K.L.:
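Got a structure here, written out as structure tokens. Questions coming.
Numbers restart at 1 for each chain; the letters A, B, ... are given by sequence-line order, proteins then strands. In this text the structure is predicted, and so the values were computed from the model without any measurement.
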Number of protein chains: 2
Amino acid sequence: MGPTADEEGPRDPPVTVKLSDIADEAGVSVMTVSNVMNGKRAKVSPATIERVLAIAARLGYVPNIPARSLAAHRSHIVAALVPVGENNSLLVSPHTVAVVGGMETHLRHRGYHVLLRGIEHDDQVAQTVRGWSLDGVVLVEFPDEQVDRLEVAGVPVVAIDSYAANPRVVGVRSDDHEGGRLAGARLAAAGHRRVLFAGPPYRGMGVVGRRWAGFRAACLEAGLRADDVEAREVLTSFEDGRRLGLRLRRDHPQVTAVFATADHLAVGLMAGIAEAGGSVPGDVSVIGFDGLDLSAYTTPGLTTVAQDMPAKVAEASRIMLEQIEAGRGLDAPAREPVSLGVHLVERGSVGPPR
Amino acid sequence: MGPTADEEGPRDPPVTVKLSDIADEAGVSVMTVSNVMNGKRAKVSPATIERVLAIAARLGYVPNIPARSLAAHRSHIVAALVPVGENNSLLVSPHTVAVVGGMETHLRHRGYHVLLRGIEHDDQVAQTVRGWSLDGVVLVEFPDEQVDRLEVAGVPVVAIDSYAANPRVVGVRSDDHEGGRLAGARLAAAGHRRVLFAGPPYRGMGVVGRRWAGFRAACLEAGLRADDVEAREVLTSFEDGRRLGLRLRRDHPQVTAVFATADHLAVGLMAGIAEAGGSVPGDVSVIGFDGLDLSAYTTPGLTTVAQDMPAKVAEASRIMLEQIEAGRGLDAPAREPVSLGVHLVERGSVGPPR
DNA sequence: ATGAAAGCGCTAACAA
DNA sequence: TTGTTAGCGCTTTCAT
């Protein structure tokens, strides 16, 4: 049941303006006021609406969210769920930040609220949905295997950057295969014949698998030999990129260009290469993925496959709202996943092979 | 009353395990179960506790948060409030991210939840507190003037990076004056006699004012002439830093070192200087503030005054929980603000004057 | 140590 | 168009 937080007293019943106060003043029933406050104005005469609204404003009415949630079995809350790892902390990546912050904005404008919650065990997802009468769930940074394991019913679920097969979940991601292609094509076009793909370990065709597939395909189409398109597993951090950069010459002496699956990684890679006495793009070309601000801050700037984050966030929000307001219950199958376009941002870290 | 989000149907009353189900099974009253579930175990016999807990686990009981909030007038929710600007979006800075993400972790472990909410008007703060029966509020990125304007009563309020005078609010921030001193002393020690402070416009002695005061004091103590410690207003972004870097030579020909109040700004500054043909630290030394990862990614690395973010987050969480569990109502004055230590991280962007 | 009664503020369903 | 009735699932208070 999770940790309990109590042991201290209740709070004094607050002095609060409630529907019945407005109803009394206006000489109407509570239900009429309720209908007005909820925009169900078809059921109320314009005159009454105006009167009720005026009184509500004068009294400073603020709806009681828990009461509304309890009675209606829906909360107007969408939870942003993020798996917590070892360190137990969340909101690590700039990408996640953009998603959560952006969705809050979209949802707020439509009268919804965002609960931010770290998930320690799979069960907590369903528990959170039930316990809060959630209207929807956004899964951020969940690995596909975990998304597939989840059993959530009755609420729309949108998973960011997921290719999971779970039919109850709508994946919203960038076109990772195309992104890989762009990177591969760019490097091949620059003349590189020995290239390296650097990304985290993966199973199946998720985000990373697709980037690799697209990258490889584009390279082969451009005439590179299969053996000359290598892949190297590294974690997605500046530090891991730096380490790879330091030993790149030794471990991959023939390679003249690297595609890193994240800007952080790519920037670390550039730093490591520089530290080892190499130059970018003189000795090695580097291309990243994401299009974070970060990629403009380095010297040289990082050429990268940029995701359209605002579009991704907008799309995720749109789908979420659409499904909520369509009252997607236990029944209807989730809609089709969405892949958003990517494009190459040229900044200077790609040049001809040495 | 804000936008309304309805017009579509209610949801089916979910099949839910409730306290009364457990009570029936266990042959005890609902209250006993409630007491067990809330850890008020002093009031229940060990045997009963065990039995109830077993049944609850078997049935898969999940507490209904809205019901509990409604009845108890407290929600176990702490809202992280962030003012929204023109773009209406939030969670922009890495700093905010660290705060919100970190607090979620701390609070979750104590049984609390985090509601993330953008604030458009001052009123929304008090409304959110009432409407949700919030247990606490964290203000992030609120300017001091706004914090002082807020009228929140009955719940603990912690404001990050605030020096506001509002007695109901506990400020948690780094020791900005000391941070300014560290920067000034470092530049002076390197031999610089003409230095520039670059930061956003400010009124009164907030974060920026204190950094400036500390910087100036340290410079003067080190023997610089008052006229040679200039201040320049720029917004806190990479782009604004870059622009300043581009025109630095023209606008401030005598200046040999710059203290920028944020790493983003400083990194942009370095980029601008490089773009204009200058070198860091050869022509101009640069020192930043924050200690973001970012500062390690540049070439040269950015010397910066680092904040202890984990400590800041831990402290803010600690104070929040302490005040909640002390039942800080309308009465008690808020406790003393907290300033956390800072330290200099040397990376290479500071050298002797040209 | 345990229970009974009452109600938190709101909405669904039905009636008028 | 408006009102009435009956809860939602839980906690409080007061009794036993």
K.L.:
Does any pair with a residue in residues 15-39 of chain B pass ring pair (Phe, Tyr, Trp, His ring centres under 6.0 Å), and if so which ones, sequence neighbours excluded?
P.N.:
none
K.L.:
Would one find a side-chain N or O of B:T32 under 4.0 angstrom from OP1 or OP2 of C:dG3?
P.N.:
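Looking at the OP1 and OP2 atoms of C:dG3, one of them is under 4.0 Å from a side-chain N or O of B:T32.
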K.L.:
In this structure, how many angstroms lie between the P atom of C:dG9 and the NE2 atom of A:H76, rounded?
P.N.:
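Rounded to whole Å, this separation is 20 Å.
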K.L.:
Report the distance from atom CZ of A:R130 to atom P of D:dC10, rounded to the nearest whole Å.
P.N.:
11 Å
K.L.:
Over how many whole Å does the gap from A:N35 atom CG to C:dC14 atom P extend?
P.N.:
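The answer, rounded to whole Å, is 16 Å.
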K.L.:
So, OP1 or OP2 of C:dA1: does either fall under 4.0 Å of a side-chain N or O from B:T48?
P.N.:
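No, B:T48 has no side-chain N/O under 4.0 Å of OP1/OP2 on C:dA1.
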K.L.:
Within the structure shown, what part of the strands sits under 4.0 Å from B:S69 by heavy-atom distance: base, sugar-phosphate, or nothing?
P.N.:
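Nothing, no nucleic acid heavy atom in range.
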K.L.:
Run the salt bridge (Lys or Arg N to Asp or Glu O under 4.0 Å) test against A:R58 and tell me which residues pass, sequence neighbours left out.
P.N.:
A:E25
K.L.:
Taking distance alone, no hydrogens or angles, what donor-acceptor pairs closer than 3.5 Å link side-chain atoms of residues 49-57 of chain B to residues at least two apart or in another chain?
P.N.:
{"residue": "B:R51", "atom": "NH1", "partner": "B:A26", "partner atom": "O", "Å": "2.4"}

K.L.:
Calculate the interatomic distance between A:W132 atom CH2 and D:dG9 atom P; express it in whole Å.
P.N.:
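Computing the A:W132:CH2 to D:dG9:P distance gives 17 Å.
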K.L.:
How is A:V28 classified with respect to the nucleic acid when contacts are heavy atoms under 4.0 Å: base, sugar-phosphate, or nothing?
P.N.:
sugar-phosphate
K.L.:
Taking the minimum atom-to-atom distance to the side chain of A:N38, which one of D:dG3, C:dT11, D:dC10 wins?
P.N.:
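Side chain of A:N38 sits closest to C:dT11.
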K.L.:
What is the distance, to the nearest angstrom, from the CZ atom on A:R74 to the P atom on C:dT11?
P.N.:
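It works out to 11 Å between those atoms.
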K.L.:
What is the minimum heavy-atom distance between A:V140 and A:P83, and which atoms define it?
P.N.:
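Between these two residues, the closest heavy atoms are O-CD, 3.1 Å.
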K.L.:
Do the side-chain N or O atoms of B:S45 get closer than 4.0 angstrom to the phosphate oxygens (OP1, OP2) of C:dA1?
P.N.:
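It does not, given that no N or O in the side chain of B:S45 lies less than 4.0 Å from OP1 or OP2 of C:dA1.
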K.L.:
Does a nitrogen or oxygen in the side chain of B:S34 sit under 4.0 Å from OP1 or OP2 of D:dC10?
P.N.:
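No, no such contact exists.
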K.L.:
Taking N or O atoms only and anything under 3.5 Å, show me the protein contacts with nucleotides 5-8 of chain C, one pair per line.
P.N.:
{"residue": "C:dC8", "atom": "O2", "partner": "B:A71", "partner atom": "N", "Å": "3.4"}

K.L.:
Which pairs would a plain distance check flag for residues 154-161 of chain B, meaning a side-chain donor or acceptor within less than 3.5 Å of a matching protein atom at least two apart in sequence or in another chain?
P.N.:
{"residue": "B:D161", "atom": "OD1", "partner": "B:K312", "partner atom": "NZ", "Å": "2.6"}
{"residue": "B:D161", "atom": "OD2", "partner": "B:H95", "partner atom": "NE2", "Å": "3.3"}
{"residue": "B:D161", "atom": "OD2", "partner": "B:K312", "partner atom": "NZ", "Å": "3.4"}

K.L.:
With no hydrogens and no angle check, just 3.5 Å: does a side-chain donor-acceptor pair link B:R74 and B:H76?
P.N.:
yes
K.L.:
Could you state the CE-C1' distance from B:M37 to D:dG9, rounded to the nearest angstrom?
P.N.:
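Distance check: B:M37 CE to D:dG9 C1' gives 13 Å.
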K.L.:
Round to a whole Å and report the spacing from CG of B:D24 to C1' of D:dG9.
P.N.:
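After rounding, the reported distance stands at 14 Å.
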K.L.:
Quick one: list whatever passes salt bridge (Lys or Arg N to Asp or Glu O under 4.0 Å) with A:D122, sequence neighbours left out.
P.N.:
A:R149
K.L.:
B:Y61 OH to D:dC10 C1': how many Å, rounded?
P.N.:
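Spelled out: OH on B:Y61 to C1' on D:dC10 is 7 Å.
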